[in-house]
Amino acid sequence: MKIIKAGTKYIVIALITLLLCIGLFLLVNLIPRSAIISNMQESATYFDEHPLFPWEIENRPFSKADNYADCILTQIIYQSDEKHPVRSMILASYYQGENENVDKAFVRTLAEGTEPNINYFRYWHGSQIILRPLFCIFSIRGVRLSLFIVTTILFILSSILCFRKGQKVFAVSIWVALLLVQYWMAVFSLEYLTCFLLLSIQLLWLTSQGKEKRKNRMVPFFLVSGMLTSFMDFLTTETLTITIPLLYILSTDSLPERNFKNGFKTVGKAILAWGIGYGGMFLAKWGLAYAFLGKDAFMEAWQQAVYRISGAVTADNTAEGSIVSLGAQLFGCIWRNLYCMFALPTEVKASTVMVLWGILLFLLFSFWYLFRKEGATDGQKVWLLLIGGIPFIRFLLLRNHAYMHYFFTYRALAATLLAMILFLSQTVEVRKKKRKR
């Protein structure tokens, strides 16, 4: 009975969350196109005058922005019809002519009033609930900047709360991790910003709650977090909303369990809740597409998901390039993401990247081995490192996506860096007296 009661509660929470998301989506779709037209025209001009994948720092892949995805999303927002908000929400349509870039297509859409011919229904594109109202005020650059400022302020507020609670290590460590994955690049792409915005809201909520409240509300918190991530994100750094909140919970000793087995129960519940929320939200959207468009729509969405998992990739990310073998793809989806962490130039090879990471890990291990506290590595601290490994599991599971889009997926490694810093801070004690060895 206890399990049934808890399950019913979580189902109700999930349904309320889903209905709120849909309700807000339909509400913002009622904003007339006339209210955003001028800023859409300015945005289309911006996309037309800038490359689809501009380099903010020449020859440094980590600094590659993604105007391509932002242009599609912006046109989807423009094409939403206030007279048919449900249809617009489900179809997520935009126009693109044959052999035509999305930026040119957007300009032509605004000039000629072309009707959408592509349905991008496999994602929710739920960020529209924030973006469409903002486009009433700003063009694309203003929308990016305003959201980046809000996100940064939320991170600062959560850090201040950490300091007030004596959680100084986490307050500093989160900023170290953010800076090492070039969080500031989010100001150049809406696509990069969404998960960081969600993460900043999560941390503000977690740091404002007491330990008992965090513990009692952990499962619904991660359930809703998974749903909102699926609703808002464009498949970028989605694991941030499960890894970093978990690292905060474990590192601030909000849980009494100190052994590995009990830690497994805690972490397992959180990951399961987040995974059900994340996957369930996708299935909800595909279910709506099935009801609206038929079986073919569901199968198309499923095939695209399979492609992101196991689709072929080419060495240079172009259709004309040579196909990469499975082994090279698995290795590539790891080293290419690690590569961006050092802000290395394009000509650097995989062997150099792995050597640099090997040296770094060796130095960190040596430091930990020499100065580790006696008996400090309990089960809960080991879980910090295991959670830090989640981004690598994601890279391998979605190897096609992680190989092709490494220049932004690598930012999920903020959790890996944070986990390493927190683990060292809790298990190392620098002593003045050197060991004999």
Side-chain angles (χ1 to χ4, degrees), residues 14-15 17-31 33 36 40 66-98 100-103 105-106 109 114-132 135 189-191 194-195 198 226-236 238 275-311 398 400-401 404-405:
L15 286 174
T17 303
L18 175 62
L19 292 175
L20 282 174
C21 288
I22 291 175
L24 288 172
F25 208 136
L26 296 178
L27 185 64
V28 299
N29 273 350
L30 295 176
I31 296 174
R33 189 176 293 175
I36 62 175
M40 284 290 165
D66 194 348
N67 283 334
Y68 176 80
D70 281 10
C71 185
I72 291 177
L73 178 58
T74 305
Q75 193 189 155
I76 288 173
I77 294 171
Y78 171 77
Q79 294 283 11
S80 294
D81 187 355
E82 65 267 25
K83 296 179 181 179
H84 303 94
V86 176
R87 178 184 177 85
S88 296
M89 178 188 71
I90 294 173
L91 296 183
S93 303
Y94 68 97
Y95 170 79
Q96 185 177 2
E98 188 175 355
E100 184 178 31
N101 285 335
V102 292
D103 51 350
F106 192 17
T109 293
T114 55
E115 292 296 319
N117 60 353
I118 297 175
N119 298 324
Y120 209 164
F121 53 78
R122 65 180 178 271
Y123 295 105
W124 276 99
H125 306 288
S127 57
Q128 293 182 63
I129 65 174
I130 300 172
L131 299 179
R132 192 172 181 88
F135 273 115
S189 289
L190 291 174
E191 181 191 24
T194 308
C195 282
L198 288 173
M227 294 181 70
L228 292 180
T229 303
S230 178
F231 183 68
M232 300 280 285
D233 184 42
F234 205 11
L235 198 58
T236 57
E238 67 288 339
I276 290 173
Y278 185 80
M281 203 66 172
F282 265 111
L283 290 176
K285 180 61 189 294
W286 298 353
L288 288 172
Y290 177 86
F292 203 83
L293 300 172
K295 181 180 177 181
D296 290 342
F298 183 89
M299 293 308 298
E300 180 183 338
W302 176 254
Q303 288 167 2
Q304 284 296 320
V306 172
Y307 174 74
R308 288 306 181 195
I309 294 171
S310 58
L398 298 177
N400 168 279
H401 187 267
M404 294 176 63
H405 302 296

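- Using bins of under 30°, 30° to 60° and over 60° for the plane-to-plane angle, the ring pair Trp302/Trp286 lands in the perpendicular bin.
- Phe121 approaches Ile90 most closely through the heavy-atom pair CB-O, 3.1 Å.
- Counting only distance, with no hydrogens or angles, the side chain of Asn101 and the backbone of Asp103 share no donor-acceptor pair below 3.5 Å.
- Panel note: side chain Thr194, backbone Asp233; no donor-acceptor pair is recorded below 3.5 Å.
- Panel note: side chain Asp70, backbone Leu190; a donor-acceptor pair is recorded below 3.5 Å.
- Interatomic distance, Gln96 CD to Thr114 OG1, rounded to the nearest 0.5 Å: 11.0 Å.
- Of the possible polar contacts, none joining the Arg122 side chain to the Glu300 backbone as a donor-acceptor pair under 3.5 Å is found.
- The shortest heavy-atom contact between Arg132 and Tyr78 is NH1-N, 4.4 Å.
- Atom CG of Leu15 is separated from atom CG of Leu20 by 11.0 Å, given to the nearest 0.5 angstrom.
- Panel note: side chain Ser189, backbone Asp66; a donor-acceptor pair is recorded below 3.5 Å.
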**Study point:** Test log, rule side chain to side chain contact (heavy atoms under 4.5 Å, CB included), inputs Leu131 and Ser127
**Key:** CA-CA 6 Å; Leu131 299 179; Ser127 57; 3.5 Å; yes

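- For the pair Phe25/Asn29, a side-chain contact is recorded, criterion being any heavy-atom separation below 4.5 Å from C-beta on.
- Less than 6.0 angstrom separates the ring centroid of Tyr120 from the ring centroid of Phe234.
- No side-chain heavy atom of Val102 sits under 4.5 Å from any side-chain heavy atom of Gln75.
- Between Leu398 and Leu235, the closest side-chain pair of non-hydrogen atoms falls below 4.5 Å.
- Within the 3.5 Å criterion, the main-chain N or O of Ala92 finds no donor-acceptor partner in the side chain of His125.
- Taking CD from Gln79 and CG from Leu91, the interatomic distance works out to 11.5 Å, rounded to the nearest 0.5 Å.
- Of all heavy-atom pairs between Met281 and Ser230, the closest is CB-OG, 3.4 Å.
- Dense packing is recorded around CZ of Arg33, with more than 12 heavy atoms of other residues, nucleotides or ligands lying under 6.0 Å away.
- Taking 4.5 Å as the limit, every side-chain heavy atom of Phe135 sits out of range of all side-chain heavy atoms of Ile31.
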**Study point:** side chain to side chain contact (heavy atoms under 4.5 Å, CB included) assessment of Leu73 paired with Glu191
**Key:** CA-CA 9 Å; Leu73 178 58; Glu191 181 191 24; over 6 Å; no

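- The line from CG of Leu26 to CD1 of Ile129 is 11.5 Å long, rounded to the nearest 0.5 Å.
- Residues Tyr123 and Phe282 form a side-chain contact, since some pair of their non-hydrogen atoms from C-beta on lies under 4.5 Å apart.
- Counting all heavy atoms, side chain and backbone alike, Arg87 lies closest to Phe292 at NH1-CE2, 3.7 Å.
- In this structure, CE on Met89 lies 11.5 Å from CG on Leu24, to the nearest 0.5 angstrom.
- In terms of heavy-atom proximity, Met227 sits nearest to Ala14 at CE-O, 3.2 Å.
- To the nearest 0.5 Å, atom CH2 of residue Trp124 and atom CG of residue Leu228 are 11.5 Å apart.
- Nearest heavy-atom pair, Gly97 versus Ala105, reported as atom, atom and distance to 0.1 Å: N-CB, 4.4 Å.
- By the 4.5 Å heavy-atom criterion applied to side chains, Lys285 and Phe231 are not counted as neighbours.
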